[in-house]
Structures are given as C-alpha cells and as structure tokens.
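The structure that follows is given in the form of structure tokens.
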Amino acid sequence: QVQLVESGGGLVQPGGSLRLSCAASGSIFRVNAMGWYRQCTGKERELVATITSDGSAYYDDSVKGRFTLSRDNANNTVYLQMNSLKPEDTAVYYCYAAARISATLRQLKYWGQGTQVTVSS
C-alpha cells in the first residue's frame, strides 16, 4: 500500500502565502504523476495542479501565476507553493499520487487525508 501524508495547511490573510507538502511512502515501485486537488464545501473536488515524474506541470487557470508545484523524486514528495492567496482558494486540499506497488500491478491513484486552507481577513 501507499500512504500520503500532507502538511502545511492553515489560516492566512488574503494576499498571503502557504506551502503544502505531501510525502508518499510504503510499498512503492514507482510514482508517476503527483499533485493536488481541492474541494470547497458543497462542490466537487477539482484539480489544482499536477506534475509528472520528469517535472512537467499543469495548473488550473484559476491558480496559474500564483501557485507553483515542485517535486522531489528521491523522496516521493511534492510541494505546492501558494502565493497571492484569495478567499476563493479556501478549501480542503488533497494530495494524490499515481503509483504502482510492483512492476506487474496496474497503476492506482492514492489520496492523502486532506488539509484545510482558509483565506480570510
């Protein structure tokens, strides 16, 4: 199994910054894409950003230019630097990893437990 542990959420004022971290551990053969989704109260979970193992990143239009995703492949860790935060960024942020636990088993998507980000004055 693969476990994802997130950290870095909290309360920040509009215009402020936060950095989320997510580390994958367990019986890992290979981690491919990693990234973050978020879910606001009463809404569906939406993709925020994702990064491949070779460092290619994709960002939702709502966060382009404000959020930066980076990755440490050696430690199966992904970081989301969030700058110029807005109240509409308030949500529970979920880390995910697309990983395989062996060469013969198919890739699965694993999830973290979620971390709350609140942007408010």
query = Thr77: what forms a side-chain contact (heavy atoms from CB on, under 4.5 Å) with it, not counting sequence neighbours?
reply =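 With neighbours one apart ignored, the set is Ala23, Asp72, Asn75, Tyr79.
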
ask   = Shortest non-hydrogen contact from Leu4 to Ala97?
value =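 Looking at all heavy atoms of both residues, the closest pair is CD1-N, 3.6 Å.
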
inquiry  = For residues Tyr94 and Val48: do they belong to one hydrophobic cluster (side chain heavy atoms under 4.5 Å, members Ile, Leu, Val, Met, Phe, Trp, Tyr)?
reply    =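 No: no chain of side-chain contacts under 4.5 Å links Tyr94 to Val48.
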
inquiry  = Between Val78 and Leu108, is there shared hydrophobic-cluster membership here, with clusters defined by ILVMFWY side-chain heavy atoms closer than 4.5 Å?
reply    =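 Hydrophobic grouping puts Val78 with Leu108.
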
ask   = Say you draw a straight line from CG of Asp89 to CG of Leu18; how long is it, rounded to the nearest 0.5 Å?
value =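 Going from CG on Asp89 over to CG on Leu18, the span is 10.0 Å.
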
Let me have the donor-acceptor pairs involving side chains of residues 6-14, under 3.5 Å, with sequence neighbours excluded, atom names and distances please.
from : atom 1 : to     : atom 2 : distance (Å)
Glu6 : OE1    : Gly114 : N      : 2.6
Glu6 : OE2    : Cys95  : N      : 2.6

key: Set of side chain to side chain donor-acceptor pair (under 3.5 Å) partners for Ser27, sequence neighbours left out   =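 If we apply the side chain to side chain donor-acceptor pair (under 3.5 Å) test to Ser27, skipping adjacent residues, there are no hits.
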
query = What do you reckon, is CD of Glu44 surrounded by more than 12 foreign heavy atoms closer than 6.0 Å?
reply =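 Not more than 12 within 6.0 Å, no.
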
Just distance, no hydrogens or angles: give the donor-acceptor pairs under 3.5 Å from side chains in residues 55-62, sequence neighbours left out.
from  : atom 1 : to    : atom 2 : distance (Å)
Ser56 : OG     : Asp54 : OD1    : 3.3
Tyr59 : OH     : Leu69 : N      : 2.8
Asp60 : OD2    : Ser62 : N      : 3.0
Asp60 : OD2    : Ser62 : OG     : 2.6
Asp61 : OD1    : Lys64 : NZ     : 3.1
Ser62 : OG     : Arg38 : NH2    : 3.3

ask   = If you look at every heavy atom in Val92 and Gln116, which pair is closest and at what distance?
value =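 Taking Val92 first and Gln116 second, the nearest heavy atoms are CG2-OE1, 3.2 Å.
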
Set of residues satisfying salt bridge (Lys or Arg N to Asp or Glu O under 4.0 Å) with respect to Arg19, sequence neighbours excluded =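 Counting only residues at least two positions away or on another chain, Arg19 forms no salt bridge (Lys or Arg N to Asp or Glu O under 4.0 Å).
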
inquiry  = Let me confirm one number: the CG-CD distance from Leu20 to Gln81, rounded to the nearest 0.5 Å.
reply    =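 Rounded to the nearest 0.5 Å, the CG-CD separation comes to 9.0 Å.
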
ask   = Residues two or more places apart in sequence or in another chain: which of them pass side chain to side chain donor-acceptor pair (under 3.5 Å) with Arg71?
value =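 Listed in chain order: Asn73.
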
ask   = Can you list every ring pair (Phe, Tyr, Trp, His ring centres under 6.0 Å) pair that touches residues 12-57, not counting sequence neighbours?
value =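 For residues 12-57: Tyr37-Tyr96, Tyr37-Trp111.
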
message = Ignoring hydrogens, what is the shortest heavy-atom contact between Asn83 and Ser17? Give both atom names and the distance.
response =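 It is OD1-OG, 2.9 Å.
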
ask   = Taking only residues at least two apart or on different chains, which pairs with a member in residues 106-121 satisfy salt bridge (charged side-chain N to carboxylate O under 4.0 Å, His left out)?
value =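 Checked against salt bridge (charged side-chain N to carboxylate O under 4.0 Å, His left out) - neighbours excluded - no pair reaches residues 106-121.
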
query = Is a donor on one side and an acceptor on the other found under 3.5 Å between the side chain of Thr52 and the backbone of Ala33?
reply =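 Judged by distance alone, no pair lies under 3.5 Å.
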
ask   = Can you name the closest pair of heavy atoms from Cys22 and Met34 and give their distance?
value =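 Minimum heavy-atom contact is O-CE, 4.2 Å.
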
task = For residues Arg100 and Leu105, report the shortest heavy-atom separation together with the two atoms involved.
result =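 Nearest heavy atoms, Arg100 then Leu105: NE-O, 3.1 Å.
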
key: Set of side chain to side chain donor-acceptor pair (under 3.5 Å) partners for Gln107, sequence neighbours left out   =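 Gln107 satisfies side chain to side chain donor-acceptor pair (under 3.5 Å) with Asn32 only.
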
message = Which residues pass the side-chain contact (heavy atoms from CB on, under 4.5 Å) test with Gln1, not counting sequence neighbours?
response =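 If we apply the side-chain contact (heavy atoms from CB on, under 4.5 Å) test to Gln1, skipping adjacent residues, the hits are Gln3, Tyr110.
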
query = Counting only N and O atoms by type, is there a donor-acceptor contact under 3.5 Å from the side chain of Thr90 to the main-chain atoms of Val119?
reply =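 Looks like yes, one N/O pair under 3.5 Å.
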
query = Members other than Val5 in its cluster, when Ile, Leu, Val, Met, Phe, Trp, Tyr link by side-chain heavy atoms under 4.5 Å?
reply =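 When side chains under 4.5 Å apart are linked, Val5 ends up in no cluster with other residues.
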
inquiry  = If the condition is side chain to side chain donor-acceptor pair (under 3.5 Å), which residues does Ser120 pass it with, not counting sequence neighbours?
reply    =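 Expected list: none.
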
